[in-house]
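Since the structure is predicted, the reported quantities are computational estimates derived from the model, not experimental observations.
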Amino acid sequence: MAIAADPLVDVRWLTANAGKPEVVIIDTRIQSTYSSSHIPGAVSSGYVKSGWRMFKNGVFGVFPDDPSKLAIHIGSLGIDSNTHVVLVAAGRSSADMAIAARVYWSFKVLGHDKVSILNGGMQAYQAELDAQGKPANPLVESATIAETKVFEFALRKDMLVNEEDVKSAQDRGVTLVDSRTSDQYLGVNRHKKAKASGTIPGAKNIPYTWLMVNGGGLFRSKNNMEVLYSAAGVPLNGEHIYFGNTGDLAAVGWFVSYEMFGNKKAKMYDGSVIAWTAKDLPVEQKIKITD
């Protein structure tokens, strides 16, 4: 039986569908946090150590060249092609939701479309109170042991963007969107693993924090996001390539464009600035800072 779900679901949807055999909730927090308390029935797949990312050419955080091991891990969570996956991040900040968006993108790359993000993550789940002012939604400590299934993937290679793809996009005038904070976009500061300050030449800037209410874990309304896109000079349609330091922050903008605006021409450059500068490719430093 197919589950009717949007890419972004709320706590009410989750509590109504949790426990159904065709729904698997993935808790993306670290194992120790999951073990202290989690949503009943949720399985643990900590983002850092579960194989969602790999080292490649000295860059950490990119989609694995061979996703077979990742597929085995996904199957161990009780997920197959008929499963609807709901991703739950901590939800305290925009960075938390970037993790959920990056795992969401990974499922799409693997050809699995039955996936949603819980808007606001655990923060939203725990914030709901009953009439007596007590937590409305239950939490448990005991780990969920899933029945292993076979997760068969069909890799969507067209969703994987490398440096040559970005350079080709530049030549064609494709909109590049830097999802990092404005100080990194302008070249004032940079990630410790980036070899140079600045952005990919020609890129626009929509900081991922803009897309969340007050930089927290709740996505803004579509109407408000349209205002932000307009202010940043980024069209709602057409080819887009989102990037960050690695693919985490970029996944937020990609998710908004691809799913909330329905722009299926939006893509994400997973290697992003760290991979770009590792190859000594040109950057645009809008504010010159030398120290």
Does S179 use its side chain to pair, donor to acceptor, with the backbone of G244 at less than 3.5 Å?
no

With a 3.5 Å cut-off and no angle check, do the side chains of D183 and N189 form a donor-acceptor pair?
yes

Single-linkage hydrophobic cluster V177~W276, side-chain heavy atoms < 4.5 angstrom
no

Under 3.5 Å: donor-acceptor pair, side chain of K267, backbone of D158
yes

Closest heavy-atom pair, G198 versus R180, reported as atoms and distance to 0.1 Å, is O-NH2, 2.8 Å

For R92, does the CZ atom sit with more than 12 other heavy atoms under 6.0 Å from it, leaving out its own atoms?
no

Least distance between heavy atoms, D178 atom then Y185 atom
OD2-CD1, 3.5 Å

Could you tell me how the ring of H84 sits relative to the ring of W13: parallel (under 30°), tilted (30 to 60°) or perpendicular (over 60°)?
tilted

What's the spacing between K265 NZ and N237 CG if we round to 0.5 Å?
8.5 Å

Could you check whether any side-chain heavy atom of N205 comes within less than 4.5 Å of a side-chain heavy atom of S182, counting everything from C-beta outward?
yes

According to a hydrophobic-cluster definition based on side-chain heavy atoms being under 4.5 Å apart (Ile, Leu, Val, Met, Phe, Trp, Tyr only), do F153 and I79 belong together?
yes

Whether R102 and D270 form a salt bridge (side-chain N of Lys/Arg under 4.0 Å from carboxylate O of Asp/Glu) is what I want to check.
yes

For Y104 and L87 the tightest heavy-atom approach is N-CD1, 3.4 Å

Determine, using the 4.5 Å side-chain heavy-atom cutoff (strictly less than), whether L160 and L176 are members of one ILVMFWY cluster.
no

Distance alone, cut at 3.5 Å: any donor-acceptor contact between the side chains of Y208 and D248?
no

Compare every heavy atom of A146 with every heavy atom of S76, then report the nearest pair and how far apart it is.
O-CB, 3.7 Å

If you compare all heavy atoms of D66 against all heavy atoms of S68, which two are closest, and at what distance to 0.1 Å?
OD1-OG, 2.7 Å

Using atom types as modelled and distance alone, determine if a side-chain donor or acceptor of T15 lies under 3.5 Å from a backbone N or O of V11.
yes

Expected output: side-chain R190 to main-chain A194 donor-acceptor under 3.5 Å:
yes

Please check: side-chain N/O of S37 versus main-chain N/O of L139, any donor-acceptor pairing under 3.5 Å?
no

Is it true that a side-chain atom of Q285 and a backbone atom of L186 form a donor plus acceptor pair closer than 3.5 Å?
no

Applying a strict under-4.5 Å side-chain criterion to I, L, V, M, F, W and Y, I'd like to know whether V252 and M260 cluster together.
yes

Side-chain (S50) to main-chain (G46) donor-acceptor, under 3.5 angstrom:
yes

Less than 3.5 Å apart, any donor N or O on the side chain of E164 or S168 sitting next to an acceptor on the other?
no

Quick one: do V103 and I26 satisfy side-chain contact (heavy atoms from CB on, under 4.5 Å)? Show the steps, please.
CA-CA 10 Å; V103 175; I26 295 181; 5.6 Å; no

Ring centers of Y269, Y242 separated by less than 6.0 Å:
no

If you apply the rule salt bridge (Lys or Arg N to Asp or Glu O under 4.0 Å), what do you find for K108 with E259, and how did you get there?
CA-CA 11 Å; K108 290 287 185 174; E259 295 293 16; 3.3 Å; yes

Would you say the rings of F107 and W52 are close, in the sense that their centroids are separated by under 6.0 Å?
yes

Taken to the nearest 0.5 Å, the spacing of W210 CH2 from L228 CG works out to 6.5 Å

Checking K114 against D80 for the salt bridge (Lys or Arg N to Asp or Glu O under 4.0 Å) test, could you report, in this order, the C-alpha distance in whole Å, the side-chain angles of both residues, the deciding distance, and whether it holds?
CA-CA 10 Å; K114 299 174 183 178; D80 62 18; over 6 Å; no

Residues E128, R12: salt bridge by 4.0 Å N-O rule
no

Given the rule in the salt bridge (Lys or Arg N to Asp or Glu O under 4.0 Å) test, do K149 and E147 qualify, once you have shown the distances and angles that lead to the verdict?
CA-CA 6 Å; K149 296 184 178 180; E147 178 185 349; over 6 Å; no

Just checking, any donor-acceptor pair under 3.5 angstrom between side chains of Q184 and N245?
yes

Less than 3.5 Å apart, any donor N or O on the side chain of D27 or S44 sitting next to an acceptor on the other?
no

Is it true that a side-chain atom of D6 and a backbone atom of L8 form a donor plus acceptor pair closer than 3.5 Å?
no

May I ask you to decide if E226's main-chain N or O and S230's side chain share a donor-acceptor pair within less than 3.5 Å?
no

Taking M122 as the starting point, is it possible to reach Y47 by hopping between hydrophobic residues whose side chains are less than 4.5 Å apart?
no

Is K222 positioned over the aromatic face of F261, cation under 6.0 angstrom from the ring centre and no more than 45 degrees off axis?
no

Hydrogens and angles aside, do N223 and S221 bring a side-chain donor and acceptor to less than 3.5 Å of each other?
no

Please check: side-chain N/O of T277 versus main-chain N/O of D280, any donor-acceptor pairing under 3.5 Å?
no

Any chance you could lay out the ring pair (Phe, Tyr, Trp, His ring centres under 6.0 Å) test for F151 and H112, step after step, and finish with the verdict?
CA-CA 9 Å; F151 179 79; H112 191 80; 5.5 Å; yes

Would you say NZ of K49 has more than 12 non-hydrogen atoms from neighbouring residues, nucleotides or ligands within 6.0 angstrom?
no

Which value, rounded to the nearest 0.5 Å, describes the distance between T181 atom OG1 and L249 atom CG?
8.0 Å

